[in-house]
Colleague: 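Quick one: the structure is below, questions incoming.
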Amino acid sequence: MELREPLRRAILEAAVRIDPAAANVEVIIQETPEDLPGDYGTPVAFALARLLRRSPLEIADQLAATIQLPPRFVRVEASKAYLNFFVDPASFLIGVLYDPLKFEETGHRVIVEHSSVNPNKELHVGHLRNVVLGDTMARLGRWLGYRIEVQNYIDDTGRQAAEALFAAAHFGLPRDDSKYDHWLGELYVYLHQELANPERRSELEPGIRAVMHQLEAGERRSEIEQVVRAQLQTCADLGADYDLLVWESDIVSGGLLRRSLELLQASPRCHFAAEGKYAGCLVLETEQVLPGLEDPTLVLVRSDGTATYIAKDIALQFWKFGLLDGFRYQIFGEQPSGRPLYTTAPQGEPAGFGHAAEVINVVDDRQSYPQAVVRAALELVGYPMEAAQSHHLAYGPVLLEGQTISGRKGITISIDEVIEEAVRRAGELLSSKRLANPDHLARQIGIGALRFSMLRAEPARRVDFRWDSALSLQGDAAPYLQYAAVRAAAVIRRAEEAGLSIYNAEFLLLGEAEVTVAKVINRLADIAMAAWRERAPHLLAQYALDLANSFNIYYNHRDPYGIPDTRVLATVGGQGEARLELIKKVHTTLSEVLSLLGIEVPQEM
RNA sequence: GCACCCGUAGCUCAGUUGGAUAGAGCGUCUGACUACGGAUCAGAAGGCCAGGGGUUCGAAUCCUCUCGGGUGCACCA
């Protein structure tokens with residue numbers, strides 16, 4: 001329910017009435033800290049004191065006397081120089097409980113690119129963070145009414161993919177029954193052990209080269225597809241899905257690269273180097289745009305005529321904003337979620353992908369520089385608005401028990417393995433309970449716990465993956481949220497069985513305890529918008545904890561004699577019915593937030 | 001060397017655009033009608049918000065310097 005704006009306007013009107021010079025003052029509204037009087041407050045008197053050169057206490061008193069309270073507020077009080085407002089519990093609760101909280105579809109087109117894992121081996125816990133962050137942003141964006149297109153970039157011409165395919169053919173191991181990406185990954189790692197020996201390296205190198213050429217020509221795409229399908233299975237297990245796979249080779253074959261280079265060459269910073277270190281290369285001079293490089297000259301096209309990855313990244317970003325076109329598309333398959341998945345394909349048909357107004361690239365923070373180059377390139381070719389809407393959601397690395405992940409040193413854990421263990425641990429905890437569907441529940445809990453562990457901290461922070469904390473089933477973790485939702489559902493079910501009806505609800509019998517919960521419920525819209533704006537999904541995760549916590553506190557509340565005083569059942573005069581309405585709102589709000597986080601709400605636990 | 005990120009309780013983390021007394025979880029200690037579902041709740045202990053200087057009525061938050069940790073700076077991706 002929109003509550004701040006009316007209050008802000010009322011405060012501003014009162015201020016202007018006191019002194020017209022106050023017209024431009026910034027009015028900040030916040031919830032009052034616990035144990036202090038009032039529900040919402042503002043420190044606006046401080047700002048006015050400076051502006052009007054008068055005492056803030058005096059101004060606060062005068063504002064309190066002057067202000068015309070907006071609906072749902074009954075009282076205002078100056079406390080020190082703060083102005084504190086008191087809501088009327090009944091009308092405030094009705095306002096919060098029956099606010100539909102629906103964001104209008106805006107048509108604002110946003111591309112969220114995430115995952116983008118090299119197609120040469122299985123996903124590990126480092127990728128886990130990427131997938132979960134990206135998927136959560138996509139869910140949030142959709143909920144906010146934006147038209148979200150989720151893309152996954154497939155680097156099918158890179159050396160890593162070539163090495164994996166080479167290894168698979170060269171070492172000729174029979175295909176076992178493990179998942180294809182795991183099988184391939186093992187051969188890839190084995191190849192790297194061989195490559196450590198310089199003699200072996202020179203023996204094997206030509207074969208790898210040959211595969212790279214084949215990949216560039218698009219000849220072995222079906223093998224890459226097989227890896228991608230195996231990898232996508234893992235993402236689906238995590239609850240992530242996509243709209244479009246973008247293949248690197250299609251950027252070249254579709255002419256996007258060529259067109260973007262033409263655009264770039266209009267800029268004086270982009271030119272062919274005729275001589276010197278970069279003779280024969282098309283280069284971009286970045287020193288004016290971006291500091292921090294030892295050598296600010298960036299190669300876009302090598303002297304052998306092939307493009308560097310950054311050139312393709314720039315082309316892709318140009319395409320995302322509709323500066324150029326050239327892709328063709330076809331269906332790739334249907335995902336477990338039901339969403340169809342498309343892919344770029346040379347033999348496909350044109351379709352309406354791209355043309356975004358905003359782009360979010362979920363990429364780890366080691367790539368901050370290239371991401372900045374991509375943004376700067378938009379500016380260089382005359383698209384400053386697009387540059388401003390070009391976002392990099394940068395996240396820190398995932399460590400494994402304090403160590404840097406390294407496939408070659410064997411310091412790595414696959415997501416598939418982690419999911420299995422998470423589900424196993426959840427199942428163990430359930431074994432003592434009588435449940436209708438323990439296996440399904442164990443998955444919901446295990447995967448929820450995993451996702452939450454990747455979401456709870458700020459993206460910029462590096463996270464240390466430890467089994468005990470990542471899979472923690474107690475404390476500030478997903479099961480706490482799920483439990484609160486299940487508990488709320490149980491209360492609702494019991495109350496309905498008892499025949500409580502909304503028509504008997506008497507909101508005048510509700511008070512401070514209910515208002516406290518409702519205030520938390522009412523934060524969601526602001527939190528969701530901030531999480532989107534700041535690209536900070538952890539705000540949602542933290543909010544979910546706040547909401548579940550405030551409900552649990554309410555549920556367990558006792559009067560000074562130790563008697564539960566917030567019960568739904570065993571009350572009279574419509575109080576229980578009104579409380580039930582609050583609990584229903586807690587349940588829908590919590591379910592909403594959990595679905596944004598990609599955490600399922602179990603039927604039982 | 002240059003550039004970017006991080007530093008808050010023993011540990012892992014929160015802290016809306018600068019606002020009132022810096023909050024959780026884990027761990028430690030003590031409790032809660034034998035339950036509208038105890039995977040919960042109440043309480044105790046635990047802080048020079050890395051350190052110095054500055055701006056401000058007000059700083060964990062902004063500026064600056066220092067220290068500690070991480071990352072980036074290829075005709076790789």
Colleague: A:Glu34 has an atom CD; how far is it from atom C1' of B:A42, in whole Å?
Modeller: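 Going from A:Glu34 (CD) to B:A42 (C1'), I get 13 Å.
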
Colleague: Once hydrogens and angles are ignored, does a donor-acceptor distance under 3.5 Å link the base of B:A39 to the side chain of A:Lys433?
Modeller: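 Checked by distance alone, the answer is yes.
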
Colleague: Between B:U56 and B:U61, how many Å separate the two C1' atoms, rounded to a whole number?
Modeller: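 Approximately 13 Å lies between the C1' atom of B:U56 and that of B:U61.
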
Colleague: Just the rounded figure in Å: distance from C1' of B:A77 to NE2 of A:His127.
Modeller: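 In whole Å, B:A77 C1' and A:His127 NE2 are 12 Å from each other.
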
Colleague: Output a table of donor-acceptor pairs, distance under 3.5 Å, between side-chain atoms of residues 568-578 of chain A and any protein atom two or more places apart or on a different chain; print 'none' if there are none.
Modeller:
{"unit_1": "A:Thr571", "atom_1": "OG1", "unit_2": "A:Val568", "atom_2": "O", "d": "3.2"}
{"unit_1": "A:Thr571", "atom_1": "OG1", "unit_2": "A:Gly576", "atom_2": "N", "d": "2.9"}
{"unit_1": "A:Gln575", "atom_1": "NE2", "unit_2": "A:Leu509", "atom_2": "O", "d": "3.1"}

Colleague: Want to settle it: does A:Ile563 or A:Glu26 sit nearer the 5' end of RNA chain B, counting the closest nucleotide to each?
Modeller: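 By nearest-heavy-atom nucleotide position, the 5'-most residue is A:Glu26.
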
Colleague: Do A:Tyr369 and the base of B:G72 stack face to face, with centres under 5.5 Å apart and an angle between planes under 30°?
Modeller: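 A stacking contact does not exist, since A:Tyr369 is not both close and nearly parallel to the base ring of B:G72.
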
Colleague: Between atom CZ in A:Arg567 and atom C1' in B:G37, what is the gap in whole Å?
Modeller: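 Distance, rounded to whole Å: 12 Å.
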
Colleague: Taking both distances under 3.5 Å as the test for a Watson-Crick or G-U pair, what stems of at least three pairs does RNA chain B have?
Modeller: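 So far as stems of 3 or more pairs are concerned, RNA chain B shows B:1-7 with B:67-73, B:10-13 with B:23-26, B:28-32 with B:40-44, B:50-54 with B:62-66.
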
Colleague: Given atom CG of A:Asp364 and atom P of B:C5, what is their separation to the nearest angstrom?
Modeller: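 It is 16 Å, rounded to the nearest whole Å.
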
Colleague: Give the rounded distance in Å between these two atoms: CG of A:Leu399 and P of B:G69.
Modeller: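 Rounding to the nearest Å, CG of A:Leu399 and P of B:G69 are 15 Å apart.
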
Colleague: Do A:Ser303 side-chain and B:C75 base share a donor-acceptor contact under 3.5 Å?
Modeller: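 In this structure, the two groups form a donor-acceptor pair.
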
Colleague: So, A:Arg8 and A:Glu5, do they make that salt bridge, N to O below 4.0 Å?
Modeller: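 Yes, charged N to carboxylate O under 4.0 Å.
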
Colleague: Side chain of A:Gln317, backbone of A:Asp313: donor and acceptor closer than 3.5 Å?
Modeller: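 Flag not set: sc A:Gln317 to bb A:Asp313 has no pair under 3.5 Å.
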
Colleague: Quick one: salt bridge (charged side-chain N to carboxylate O under 4.0 Å, His left out) partners of A:Lys585, sequence neighbours excluded?
Modeller: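 So A:Lys585 forms no salt bridge (charged side-chain N to carboxylate O under 4.0 Å, His left out) with any residue.
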
Colleague: Ignoring hydrogens and geometry beyond distance, is the side chain of A:Asn84 in donor-acceptor contact with the base of B:A20 at under 3.5 Å?
Modeller: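 In this structure, the two groups form a donor-acceptor pair.
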
Colleague: With hydrogens left out and only the distance checked, is there a donor-acceptor pair under 3.5 Å joining A:Tyr483's side chain and the base of B:A39?
Modeller: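 Such a pair does not exist between side chain and base.
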
Colleague: Please compare A:Arg456 and A:Gln474 by the position of their nearest nucleotide in RNA chain B and report the one closer to 5'.
Modeller: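 With A:Arg456 and A:Gln474 compared, the 5'-side residue is A:Arg456.
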
Colleague: For A:Arg462 and B:C13, give me the distance from atom CZ to atom C1', rounded to whole Å.
Modeller: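 In whole Å, B:C13 C1' lies 14 Å from A:Arg462 CZ.
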
